[in-house]
Amino acid sequence: MVLGFYALVLFFITELCRVEGEGSVILHREKRRWISAIFRIVEEDPGPYPKEAIKMNNDKSQNHTMIFSISGDGVERDPEKNLFSINADTGQIYIHRKVDRETTSSLTFQVDAYDPATYIPLDDHMLYKIEVLDINDNIPKFPKDVYEVDILENTLPGTEFFRIKANDPDERNNALISYSIVSQNPSKPSNVFKIHSNNGSILLQKCLNYETLKSYTLVIKARDNGANVLSSSAEVRIKVIDSNNNPPIFTQKNAKTTIDESDENVVILRVGVTDLDSPNTPAWRAKYQVTEGNEHENYKMETDPETNEGLLMLIKHLDYEAGPVRNIKISVENEEPLFICPEMKDTINAKPQSLTAVITVKDVNDPPVFNPPVLIIYEMEGQKPGKVLGKFNATDTDVFYKHSIKYYRAFEPAEWVTVDIDTGVVTTVKELDRESPYVNKSVYTFTVHAIEEGEIPETGTATMSLFLADINDNLPFLTSKHKEMCDDGEIPFVTVEAGDADVEPFSGPFSFELLDNEEHIKKNWKLGKATGDTVQLERIRKIPIGDYIIHFKIQDRQGISQEDSMKLHVCYCVDGITCPLPKSATATLGGVAIGLLFVGLLLLILGLCLFLFCSFTKKFEKTFSEPVWTLIKYNDEGIVVDSKEPPSIHSSTVFSSDAVLGVGSKLPIRSDMQGHNYGEVQMLPDVGDGWRMNNMLPRHNYHGWTSRRNVGSSSRAASALNSRN
C-alpha cells in the first residue's frame with residue numbers, strides 16, 4: 001500500500017517537470033533602439049536662429065536606411081506652432097525662434113522613423129518633453145498704482161488694517177517677493193506703520209491722533225529675489241477716521257439757578273461742554289446724567305442737538321418746606337465710548353467729567369395736603385342716612401402763607417354722602433347699596449377738595465375708597481327667560497341658570513323647585529342634575545310643539561327665595577339638536593303682478609286728476625247769492641262761531657245736524673296748518689238741506705272746502721242754527 005502511494009507521487013512529479021520543460025521560454029535583454037531624453041531650452045534666447053537643439057539616433061540605422069519625422073506641440077500645432085523642425089535624413093531638430101516661459105513652460109512632441117522606400121515605420125515612435133527654463137525677466141507688479149484705505153483713530157497698535165500684494169509671473173527665486181515701506185508722508189512722527197516683508201500686511205505701530213494728522217501716504221516697494229533684482233512700487237493713502245479719544249469737558253465747574261417750588265416740566269439750567277472730536281459725530285455728541293441729588297427723580301437731563309449743551313429738566317416740583325436749597329451733581333460723557341491710547345493712560349482721566357449745580361427754591365402758596373391722600377373705609381351696605389364714615393384731614397404746609405381750609409365734595413356720583421365744610425367729616429345721606437352701578441368690585445370711590453381761604457385759593461384733592469361688605473338684600477332670579485328644546489331630539493333637557501346680585505355667602509349655589517302653576521307641568525317636566533347655579537329641566541315625555549311657561553322657585557344659600565318663570569319653545573329639530581331659525585317673510589312679484597300694479601297706479605292718478613278737475617269746476621259755478629252754508633278751511637285752528645273769544649290752537653268746533661250726533665252736536669275740525677292769524681267765520685245758508693261755513697278773512701288765498709251733510713228734515717237743521725245764533 002505504501003509502495004503504491006510513493007509510486008503515484010513520483011509519477012505526478014515526473015509529468016509536472018515534463019510540462020514545464022515544454023512550455024518554458026528563454027529570456028534575454030534586448031538593446032533599446034531609441035536614444036531619447038528630456039531636454040531644456042532657455043526662454044528668451046537671443047539666437048541666432050534656426051538653432052540646433054538635439055539630434056535623433058536609432059540603432060537600426062546601422063542596418064537600414066531611414067527617414068525621420070516630428071509631430072506634436074511646437075510643430076504642426078499650438079502652442080508655439082512651427083517652433084521646431086527636423087532634418088528627415090540626419091534626424092537633427094532645429095529651433096526657429098525664442099520662447100517666453102510665462103507663455104509656454106513646456107512642450108511635448110514625438111519622433112518617428114520610416115523606411116524611405118515603403119514609408120513603413122521601422123520602430124515605435126518616441127516622445128520628447130522640452131522644458132523652458134525661466135530667467136528673471138518680469139518685475140513684481142501691483143494690481144493698482146494707488147490704494148485708498150480708512151483706519152479708525154482708536155485702532156490699537158499692532159493691528160493689521162490692510163494687506164497689499166504684488167504679482168510676479170516668474171518662478172522660484174525670480175518670483176519670491178519682498179515688501180518694504182520706502183517712505184511715509186508726513187514723516188513725523190516716524191515709524192507709525194510697518195509692513196510684513198513676506199506677505200505685505202501693513203500694521204499700525206503707534207496711536208493715531210485725528211486732531212493732529214488726518215491722513216498718511218505710504219510708498220510700498222515690492223522686489224523679487226532673482227539674480228538681477230527687479231522691483232516696483234505703489235502708493236497707499238491712509239485716511240484717519242475720527243474716534244472718541246477726547247472726553248467732553250464742562251466749560252464751568254459750578255452752576256446755580258433759582259426756581260419756584262411750583263415749577264414743573266421746565267428747563268431750569270443749561271450747561272455747556274467743549275469736545276475736540278469732530279462735531280455732530282457720536283464721538284462729539286454729549287450724554288448728561290444727574291448722578292447725585294436725584295433720589296426722588298425730580299430731574300432729567302437732555303441734550304440740545306444743535307449746541308451739545310445739557311438741559312436740566314425739572315419734571316417734579318420741589319417742595320420749599322423740604323429744603324430751600326438743593327445740590328445736585330451732573331456728569332457728562334460721549335455717545336461713543338472713550339478710547340485711551342495705552343501710551344497715554346497716565347495723562348488722560350477716563351472717568352466722566354462732573355459739575356455741581358446749586359438750586360434755590362422760592363416758596364409759593366401750596367395747596368392743602370391731605371394726610372392720608374386716600375382714605376380707606378370698610379362698611380356694611382345698607383347703612384342708613386346719618387352714618388359717619390370717616391374724616392378727611394388736610395393741612396397747609398406753607399411757612400409764610402397760612403390759610404384756613406374748607407372741605408367740599410368734588411366727584412361723588414351716587415350722592416350718598418355729605419362732607420362737613422369745616423371738619424371734613426363724611427356722613428351718609430342715603431342708604432348704601434353695594435349693588436349700585438357706581439360701585440366697582442364692592443368699592444365706591446369719590447373725591448373731596450380742600451380749598452384755602454385766600455386771595456388766590458389753592459385746592460388739594462383726596463379720595464375715599466369705601467369698601468362695602470355685602471348683605472343678603474337681593475333675590476335670586478333666572479338669568480335667561482327664554483329657552484328652546486327639540487320635541488324629540490337627542491338632548492331631552494335644557495339648562496336653567498340662576499343669578500344673584502349679592503356675593504358669597506348670599507348667592508349660590510341655588511336650590512330649584514318646579515312649580516305646578518299650570519296644567520300638566522309636572523307630568524311633562526322634571527328637574528334633573530343641579531350643579532351650583534344651574535339645573536337641568538328634563539322633558540318626561542314627547543309633547544306638542546309650542547310655547548310653554550315654566551315656573552320655578554329659586555332659593556339662595558341663606559334661604560331667601562323668589563318665584564320666576566321662563567318661556568320654553570318646543571320645536572321640531574331637523575338635526576335633533578337645535579331649533580331652526582325663523583324664516584323671514586319675503587315676497588316676490590311676477591311680471592303679471594307688476595303690470596297690474598302699474599295699471600292700478602295709472603288709474604289712481606287718473607281718478608285723482610278727475611276729482612281735482614270736478615272740484616275746481618264746481619267752485620267756479622257757485623255764486624255768492626246761493627242760499628248755502630260754506631266752511632272754508634284756511635289752515636288755522638280755532639273756534640268757528642264766536643270770533644270774539646280766542647280760538648283753540650288744536651281744533652275748531654262746528655255744529656252738526658247729523659241725525660246720529662243729534663241736533664246741536666259739536667264736530668271737531670282738525671287744522672292742517674297751525675300758528676296763523678285767525679279770521680272770522682260766517683255761517684251761510686246752503687241749498688239741499690245742508691250747511692256750509694265760509695272763512696271771510698281776505699288775506700288767505702287757500703282753497704276752501706265744503707262739508708255737506710243731508711239729514712231727514714231741513715227744518716231741524718235750520719232750527720239748530722237759529723238757536724245757536
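Here the closest heavy-atom approach between residue Pro476 and residue Ile554 is recorded as CG-O, 3.4 Å. For Glu302 against Tyr288, the heavy-atom pair with the smallest separation is O-CD1, 4.2 Å. In this structure, His551 and Leu514 approach most closely via the heavy-atom pair O-CD1, 3.6 Å. Smallest separation of non-hydrogen atoms from Val374 and Ser465: CG1-OG, 4.1 Å. In plain terms, the two heavy atoms of Thr459 and Pro367 that are nearest each other are O-CB, 3.3 Å. In plain terms, the two heavy atoms of Gly499 and Phe510 that are nearest each other are C-CZ, 3.8 Å.
No side-chain heavy atom of Asp420 sits less than 4.5 Å from a side-chain heavy atom of Thr427. Between Val290 and Leu312, some side-chain heavy-atom pair lies under the 4.5 Å cut-off. Within the 4.5 Å cutoff, the side chain of Ile268 has no heavy atoms near those of the Met313 side chain. By the 4.5 Å heavy-atom criterion applied to side chains, Leu604 and Leu602 are not counted as neighbours. Annotation: side chain of Glu452 is in contact with side chain of Asp396 (closest heavy-atom distance under 4.5 Å). Using a 4.5 Å cut-off on side-chain heavy atoms (C-beta onward), Trp416 and Leu432 make contact. Residues Asn265 and Leu314 have side chains not in contact (no heavy-atom distance under 4.5 Å, counting atoms from C-beta outward). Glu563 is listed as a side-chain neighbour of Leu515, based on a closest heavy-atom distance under 4.5 Å.
Within a 6.0 Å sphere centred on CD of Glu453, other residues, nucleotides and ligands contribute more than 12 heavy atoms. Lys483 NZ: more than 12 foreign heavy atoms inside a 6.0 Å radius. The environment of OH in Tyr438 is sparse: at most 12 heavy-atom neighbours from other residues, nucleotides or ligands sit within 6.0 Å.
Taken to the nearest 0.5 Å, the CE atom of Met566 stands 13.0 Å off from the OH atom of Tyr548. The distance from the CD1 atom of Ile545 to the CD1 atom of Ile543 is 10.0 Å, given to the nearest 0.5 Å. Note: Ile550 CD1 to Leu527 CG = 10.0 Å, rounded to the nearest 0.5 Å. In this structure, the separation between CG on Asp263 and CD1 on Ile315 is 14.0 Å, given to the nearest 0.5 Å. The distance from atom CD of Glu484 to atom NZ of Lys567, rounded to the nearest 0.5 Å, is 10.0 Å. Distance check: Thr423 OG1 to Lys391 NZ gives 6.0 Å after rounding to the nearest 0.5 Å.
Applying the side chain to side chain contact (heavy atoms under 4.5 Å, CB included) test to Pro505 and every residue at least two apart in sequence or in another chain returns Arg557, Gln558. Residues satisfying the ring pair (Phe, Tyr, Trp, His ring centres under 6.0 Å) criterion with Phe512, sequence neighbours excluded, are absent altogether. Judged as a side chain to side chain contact (heavy atoms under 4.5 Å, CB included), and not counting sequence neighbours, the contacts of Lys387 are Glu379, Gln383, Leu389, Thr428. With sequence neighbours excluded, no residue satisfies ring pair (Phe, Tyr, Trp, His ring centres under 6.0 Å) with Phe477. Not counting sequence neighbours, the partners of Asp422 by the side-chain hydrogen bond (donor to acceptor under 3.5 Å, both in side chains) test are Lys406. Remark: Val429 pairs with Thr418 by the side chain to side chain contact (heavy atoms under 4.5 Å, CB included) rule, at least two apart or across chains. Under the rule for a side-chain hydrogen bond (donor to acceptor under 3.5 Å, both in side chains), the partners of Thr461 that lie at least two apart in sequence or sit in another chain are His449. Checked against side chain to side chain contact (heavy atoms under 4.5 Å, CB included), Phe493 has the following partners two or more places apart in sequence or in another chain: Ile491, Thr495, Gln536, Glu538. Under the rule for a side-chain hydrogen bond (donor to acceptor under 3.5 Å, both in side chains), the partners of Glu431 that lie at least two apart in sequence or sit in another chain are Lys384. With sequence neighbours left out, the ring pair (Phe, Tyr, Trp, His ring centres under 6.0 Å) criterion links Tyr407 to no other residue. Qualifying side-chain hydrogen bond (donor to acceptor under 3.5 Å, both in side chains) partners for Asp564, counting only residues two or more places apart in sequence or in other chains: Lys481. In this view, Tyr378 and Phe467 satisfy the ring pair (Phe, Tyr, Trp, His ring centres under 6.0 Å) rule, not counting sequence neighbours.
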From CA spacing to verdict: disulfide bond (SG atoms under 2.5 Å apart), Cys573, Cys486: CA-CA 5 Å; Cys573 301; Cys486 298; 1.9 Å; yes
Residue pair Val388, Val426: steps toward the side-chain contact (heavy atoms from CB on, under 4.5 Å) verdict: CA-CA 6 Å; Val388 175; Val426 180; over 6 Å; no
Leu475/Ile560 under side-chain contact (heavy atoms from CB on, under 4.5 Å): CA gap, chis, key distance, verdict: CA-CA 7 Å; Leu475 299 175; Ile560 304 299; 3.3 Å; yes
Steps toward side-chain contact (heavy atoms from CB on, under 4.5 Å) verdict (Val443, Leu468): CA-CA 6 Å; Val443 181; Leu468 295 174; over 6 Å; no
Stepwise side-chain contact (heavy atoms from CB on, under 4.5 Å) test for Phe392 and Thr463: CA-CA 9 Å; Phe392 285 99; Thr463 301; over 6 Å; no
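Residues Glu381 and Tyr444 bring no donor and acceptor atom of their side chains to less than 3.5 Å of each other. A donor-acceptor contact under 3.5 angstrom links the side chains of Asn524 and Arg541, judged on distance only.
The closest donor-acceptor contact from the side chain of Thr534 to the backbone of Glu497 lies at 3.5 Å or more, if one exists at all. Looking only at distances, no side-chain donor or acceptor of Arg539 sits under 3.5 Å from a matching main-chain atom of Trp525. Checking side-chain atoms of Ser561 against main-chain N and O of Lys553 turns up no donor-acceptor pair under 3.5 Å. Asp433 contributes a side-chain N or O that, together with a main-chain N or O of Glu435, makes up a donor-acceptor pair within less than 3.5 Å. Within the 3.5 Å criterion, the main-chain N or O of His317 finds a donor-acceptor partner in the side chain of Glu264. Between the side chain of Ser480 and the main chain of His482, a donor-acceptor pair closer than 3.5 Å is present.
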